[in-house]
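Written below as structure tokens is the structure these notes are about.
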Amino acid sequence: MDISAFIIGLLAVACFLLSYQQKRRKGIILLNATSRALYIIQYILLGAFDGAALDIAGIVASLLAEKKDAPIIKKHLKLFIIGIDAIIVASGLVFYQNVFSLFPIIGVLLHTSAFWLEKEKHIRLVSLLGSPFWLVFNITSGAYGSAIGDTLSIVSILVAIFRYDILKQTQKEKEISDE
């Protein structure tokens, strides 16, 4: 069972890493949701039900954020965000075991709040803040494949920030100065 959880965790990691290499917001969100679905399976296999519950809430939040321009969501945006955040916090607290149970709550809040943002640059930056919280949780819950993935995720997000945000900005500045 642990080897199955490890393999599923690595597949989840692959999807998560690929998500931040996507150029567009929709690709980031959809691959991230796929990753969360695989993480849920992994956490259930490991008996880390707090992680599974939070990833379920994370999928719902991610998919709603992807549809944020739908008229009903757009009209009640603040209500949707507050409601989803409340569900995330409640989901995490229901399965509270120790102080480390708070880490994935913070991680999910950061990751999912990033998806409500418009610019991909901001999505990557806020998501980067959530990854260390998941790293700590995964180490303490025995989800070592995911812990490796969290480390790689931090690197992946940093690479994407460099590729899409820093290089692009440097290139624009150079074009402006050449004019």
Side-chain angles (χ1 to χ4, degrees), residues 2 5-43 45-46 48 50-63 65-66 84-85 88-89 91-92 97-171:
D2 284 343
F6 183 76
I7 291 168
I8 291 169
L10 290 178
L11 290 172
V13 166
C15 289
F16 191 76
L17 294 176
L18 289 172
S19 72
Y20 290 102
Q21 296 305 316
Q22 301 303 301
K23 192 170 184 176
R24 299 283 173 231
R25 182 178 174 277
K26 184 175 183 172
I28 293 171
I29 293 171
L30 292 177
L31 269 173
N32 189 281
T34 302
S35 172
R36 287 188 185 281
L38 291 167
Y39 279 127
I40 290 165
I41 295 167
Q42 174 201 232
Y43 290 132
L45 291 172
L46 291 171
D50 44 356
L54 285 164
D55 270 332
I56 290 169
I59 284 176
V60 171
S62 297
L63 294 176
E66 203 278 317
I84 283 295
D85 286 351
I88 290 168
V89 171
S91 298
Q97 294 177 358
N98 55 43
V99 70
F100 294 111
S101 297
L102 298 176
F103 283 70
I105 296 171
I106 297 167
V108 170
L109 286 170
L110 287 167
H111 282 157
T112 58
S113 67
F115 296 145
W116 293 99
L117 302 173
E118 202 56 44
K119 294 185 178 185
E120 291 84 0
K121 175 182 181 176
H122 298 141
I123 293 171
R124 286 186 274 274
L125 287 172
V126 174
S127 294
L128 179 62
L129 298 174
S131 294
F133 291 99
W134 276 106
L135 176 63
V136 171
F137 173 76
N138 286 325
I139 289 170
T140 60
S141 67
Y144 301 117
S146 294
I148 292 167
D150 292 322
T151 304
L152 294 173
S153 295
I154 291 168
V155 171
S156 177
I157 295 170
L158 289 171
V159 167
I161 288 169
F162 181 74
R163 280 179 62 198
Y164 295 120
D165 306 327
I166 294 172
L167 282 180
K168 185 194 283 185
Q169 184 63 33
T170 304
Q171 202 170 29

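Bear in mind the structure is a predicted one, so any value in this text is a computation, not a measurement.
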Sub-4.5 Å side-chain heavy-atom contact between [X] and [Y]:
X      : Y      : value
Asn32  : Glu66  : no
Ile28  : Glu120 : yes
His111 : Ser131 : yes
Ile88  : Val60  : no
Leu46  : Asp2   : yes

So, for [X] and [Y], which heavy atoms are closest and what is the spacing to 0.1 Å?
X     : Y      : value
Arg36 : Gly58  : CD-C, 3.6 Å
Tyr43 : Ala143 : CE2-CB, 4.0 Å
Thr34 : Cys15  : CG2-SG, 3.9 Å

Leu38 backbone acceptor or donor facing Gln42 side chain under 3.5 Å
no

Given 3.5 Å as the limit, does a donor-acceptor pair link the side chain of His122 with the main chain of Leu117, or not?
no

Does the plane of the ring in Tyr39 sit parallel, tilted or perpendicular to the ring in Phe16? Use 30° and 60° as the thresholds.
perpendicular

Angle class for the Phe103/Phe133 ring planes (parallel below 30°, perpendicular above 60°, tilted otherwise)?
tilted

Evaluate whether atom OH of Tyr164 has more than 12 neighbouring non-hydrogen atoms of other residues, nucleotides or ligands under 6.0 angstrom away.
yes

